[in-house]
Structures are given as C-alpha cells and as structure tokens.
J.: 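Please see the structure below; I have some questions.
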There are 2 protein chains.
Amino acid sequence: MEMKSVTRSLRVLEAVAQHQPVTVGELTKLFGLPKSTVQRTLVTLAEAGWLRASRKDTTRWEIGARVLAVRPAALQGSSLLAVAHEPMVRLRDALNETIHLSVPDVLQSMVVVDRVDCDHPVRTFHAIGDTSPLHATAAGRAVLAQLPASEVDEFIAHGLERFTDTTPTDPDELCAELDRIRTDGYAVNHNQYRPGICAVAAPVLEEDGTPLAAVAVSMPDSRFDPNRLPEWGRMVADAAKEATERRSA
Amino acid sequence: MEMKSVTRSLRVLEAVAQHQPVTVGELTKLFGLPKSTVQRTLVTLAEAGWLRASRKDTTRWEIGARVLAVRPAALQGSSLLAVAHEPMVRLRDALNETIHLSVPDVLQSMVVVDRVDCDHPVRTFHAIGDTSPLHATAAGRAVLAQLPASEVDEFIAHGLERFTDTTPTDPDELCAELDRIRTDGYAVNHNQYRPGICAVAAPVLEEDGTPLAAVAVSMPDSRFDPNRLPEWGRMVADAAKEATERRSA
DNA sequence: GGGCTCGTGCCACAATGTGGAACGTCGTGC
DNA sequence: GCACGACGTTCCACATTGTGGCACGAGCCC
C-alpha cells in the first residue's frame, strides 16, 4: 500500500510488455487513470531507459533495453533459456504439442519464461510471463518434488487453493503425489488447474539439486492419452535432464 | 526530473541485480540514502514481485522472476537468444575467443544480450546489459551497414563521438567502411572504441532484411591477427547467418 | 472546414513519500 | 552474563512530491 507511484509505474511497465507497442490512450483505458498521469509515468520510465518510443510509430511505446541488464540476474546468471530451448524444440517436434519453460518465484508460483508452439489448430496457450500456482500444475509440482520437506511444508502452510474438483488440496494427497513424481521422474496435471488442460513436466536442476525451472508439455484434454503417459513422461524428463546437463557444461 | 521515487526505485532494482543477494545496509552505503527509504523501496519492489527475499538469508534481497515477463521488443516473438546461442558456442569452440550477441537500441547504442566465454586467462569482458556506440564497434557497424541510408544519415547527424585515435568520426570515412562491410559480410573493430580491444562482427537479420542483432567475437589486441581476418570474418558471418536462418525456421 | 480524437504541457493543491529517531534482535567481546 | 554495537524494521510530523483537471496543438474523418 505504499509507494503508489512506484507500484503504478511497475504495473505500467508490465502492461507495456504485454501489449507493446502501445499508446498512451490504450493505457489510460486499461488503467482508468488520467491521461497526464499515464503520460508522465511513460516519460519517466523512458528517461530511465526501461521504455522507449517505437521507431515506426513514435506515439507508441515499447520495452527498452535497460531490462536486459536485470534479466541475467533473474536467471541466476547462466543462460537457462539458451540451453533449454534446443531440447524443448526437439520435444515439440517429437510430440507436436506446446512446450513451456517455467521458473519458480518465491515458492509461490511458476512464471512462464519460454515457449515452443505446436501447430495444432486447437492448442493450449500460456503467455510468457504468465504465472500459475505451484501445487495445481505439473510444472509446479515437478519443482516442489525437488525441494526439501521443510520448504514443502512451509508452502503447504500457506494453504492449497482449489481450482477444479481434482486440484490436490489435501497436504497428504499432495505429498504422496510428490513421492510418485520423485520415483517416476515426471509430474502430471490432469485438469487440476484449468479445466480441459493437461500437462506433463520435469524439473531442470542446479548443480546442488535445487530445482531451477521445469520443462512442461501441455495439451487439451482431448489429446491426452493416459496409456502413453509413461512414454511421454520419459521424453519430458529426458529433455529436462538434457537442459540440466547442458547448463553445467 | 520527475517521479523521484520511481527513478530511485529503478536504480535500486538495477543495483540489486548487480550485487544480488544484497542487504539493506549495503544499499544504503551504495546510494547514501537513509535506511528507511531504502527499506521501503525494497519492500515495495518485493510486493510488486520484482524483488524477493533470498531463500537462504532472508535479510538479503534478490531479483524476482517477475522481471522475466518483461522482454524488449527485439527479443519478442521467436527467441533470438535461444536460436543464436548454439552457433555462438560453436564459434567460441572454433576460435577460443569470447563471443557476444548484441541488439541495437533506438539507433543509438548496442546492448549486449548474450555471451559465451573463452578460457584464455586474458580476455575481453563485456557484461550482459552493457551498451556501446554504434559507430565505434564492430557489432554496431555490422548493424549500421544493413540500415537504409536515411537512417544511417539520421544517426550520423547526432554526431560521431571520438573514443580512440582510430575511431571513425568522419561521416564519409564511416560510410566507406559500411560499404566494405556490405561487400565483405563482416565488420572489424581495431582499437576504435576501447584501446587494446579488437572485434569481428556480423549481423543477424529479420525476414525483411532489418538488422536484429549482431554476433561478435572480441579479443585483446595481442591475439588479433590481420592475416587471418578474412577467415575469421567468414566464420563469424556464417554463425550470424545460421542464427538468422534458425530464427525463421 | 468543423468536429473529433489523441498526444502533450501546465499548475494549484493536497496527498504522498521522506528520513530522523526510536525500537527490537542478533552477535560479539569484555 | 551483561553491555555494547551493528543491523533490519517501524513510526510519524512535515513539506516535498506527484496528482489530475484543464487547455493547447496536431492529425484525421466525415
């Protein structure tokens, strides 16, 4: 509730990132704020280098280069994106389903950081930057399963929100599933977050075993075949493992 | 000069990115600001998801995953970073020199977005996020050479700053060099920006021919061999071309 | 050419963020 | 074991800071 202008500026920054390139008017509608306020915010962010006027249309704003100075820190220095992309493309080619790479944020949510699309006319869609809860998705549970029990307990203590009627909201149920993930090497989400969406995921690990990210293949319910699950699980796990290995190379 | 708190918050964000994980005290020393102000800024940034308390030491702050949701337009769409990394690694392996990937920012500077290090005890160092002027570096001129003459003129009109005694500050001289780059396919920087640093670069292009980025190999003066220049130029150009092709695939 | 929309600049007002000072906690050394 | 110092955190009266209504100018469409 503090630093109103700062909070708002950051929201504007995120909005520009999603809609770029964007005009002052579009943002005023989006936020319901006075034009002059939005305008001042944009100019300030631009002066700081985080935003810039678009080259083609100077009344449109887009993200500036300054954010690039901050990105590597968020990715722990290593080029996670670069090393994970290749295995993700191969996985997409093999399965023809959309592949996502997500990183955990403060033990609360997963953030999508990279995506390789499939060419099905009907397919799942998560934008880069989208967040989802740890306990309700395959990627989230793939990460949770690699955390020490104390941190899992801490996360559970915050409560397990229900999203669909199959969301695991019981701590014991969740822990049992995490055990299964550790033995099988992959996590599964069957309509447990967004109805009609299924996913299979595996973790990318740091040298010390800390989960750094998760590779996930997600698809509409209609194309999810439980019989092929072990095979798909193995393939996703292989891709994640390859990313892990390329990272330390 | 406006939005003091916003400007300062962004500076703090950058400082955290550079020094993470960092404490309140370290930042107060760095900025010379009152503890309470820094503290409030950190909490605000954390509430917005841009910062988070370190998991290991909760009094230390680090960059949150949220920043990954904000990507510059240049990196939007197909992942430039991901497709360029592989060719860059091969180039590094072949030449054993540090490879950089940079993108142009608003026709003013190049920003380093990826790096593959070599293992020489003495080597060049540019951090991801670093900027350099377009006319004085190999990467910058590789990009300039692909721009329409009107935009080059516009850039030149802003003035060509001198950095060393070989920096091209004469417009005609620069344009002649751009011609050479177009015919040879690679740009060279021989102590024209930072004394003692040489580089060879080639552009990564968009479908319509707009320069999107540049791949550059940079090395200390002492390891720069003019005789091998055509060979190195061809290799760098090949790597850049491969990135261009993989991008559209 | 008049009316509309959109980006930009201005300025009086008060809501907002400021930073000094006090508090709590941990670790250290006497 | 106690006093001290270093550090992160909280509080609050003050005035500096950002706010947003308004007006201007440019481009566009009827």
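By convention in this document, chain letters (A, B, ...) are assigned in the order of the sequence lines, proteins followed by strands, and residues within each chain are numbered from 1.
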J.: Just list the side-chain donor-acceptor pairs under 3.5 Å for residues 146-156 of chain B, sequence neighbours left out, or say none.
T.:
| residue | atom | partner | partner atom | Å |
| --- | --- | --- | --- | --- |
| B:Glu151 | OE1 | A:Arg55 | NH1 | 2.5 |
| B:Glu151 | OE2 | A:Arg55 | NH1 | 3.3 |

J.: Test of understanding: with side-chain hydrogen bond (donor to acceptor under 3.5 Å, both in side chains), list the residues that count as partners of A:Thr131, not counting sequence neighbours.
T.: none
J.: Mind jotting down which residue pairs meet the side chain to side chain donor-acceptor pair (under 3.5 Å) criterion with at least one end in residues 32-46 of chain A? Sequence neighbours excluded, please.
T.: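 Side chain to side chain donor-acceptor pair (under 3.5 Å) check on residues 32-46 of chain A returns no pairs.
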J.: With sequence neighbours excluded, what pairs up with A:Asp117 under the side-chain hydrogen bond (donor to acceptor under 3.5 Å, both in side chains) test?
T.: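 So A:Asp117 forms a side-chain hydrogen bond (donor to acceptor under 3.5 Å, both in side chains) with A:Arg115.
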J.: Expected output is a numbered-order residue list: members of residues 22-36 of chain B with a heavy atom under 4.0 Å from any atom of DNA chain C. What is it?
T.: B:Pro34, B:Ser36
J.: Please write out the pairs of protein N or O atoms and N or O atoms of nucleotides 13-16 of chain C separated by less than 3.5 Å, giving the distance to one decimal.
T.:
| residue | atom | partner | partner atom | Å |
| --- | --- | --- | --- | --- |
| C:dT16 | OP1 | A:Lys4 | NZ | 2.8 |

J.: If you take atom types as modelled and just measure distance, does the side chain of B:Arg40 reach the base of C:dG19 with a donor-acceptor pair under 3.5 Å?
T.: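 For B:Arg40, whose side chain was compared with the base of C:dG19, there is a donor-acceptor pair (under 3.5 Å).
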J.: Do any side-chain nitrogens or oxygens of B:Thr37 fall under 4.0 Å of OP1 or OP2 in C:dG19?
T.: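 Indeed, a polar side-chain atom of B:Thr37 lies that close.
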J.: Only counting residues at least two apart or in another chain, list the ones meeting salt bridge (charged side-chain N to carboxylate O under 4.0 Å, His left out) with A:Asp57.
T.: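 Counting only residues at least two positions away or on another chain, A:Asp57 forms a salt bridge (charged side-chain N to carboxylate O under 4.0 Å, His left out) with A:Arg60.
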J.: Return the set of residues passing salt bridge (charged side-chain N to carboxylate O under 4.0 Å, His left out) with A:Arg182 (not counting sequence neighbours), or none when no residue passes.
T.: A:Asp179
J.: Expressed in angstrom and rounded to an integer, what is the separation of B:Trp61 atom CH2 from D:dG8 atom C1'?
T.: 10 Å
J.: Quick one: does any side-chain atom of B:Thr167 pair with a main-chain N or O of B:Tyr193 as donor and acceptor, under 3.5 Å?
T.: no
J.: Answer yes or no: does a side-chain N or O of A:Gln39 lie under 4.0 Å from OP1 or OP2 of C:dT8?
T.: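 So the side-chain polar atoms of A:Gln39 do come within 4.0 Å of the phosphate oxygens OP1 or OP2 of C:dT8, strictly under.
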J.: Does A:Thr169 have any side-chain hydrogen bond (donor to acceptor under 3.5 Å, both in side chains) partners at least two apart in sequence or in another chain, and if so, which?
T.: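 Result, side-chain hydrogen bond (donor to acceptor under 3.5 Å, both in side chains) vs A:Thr169: A:Arg162.
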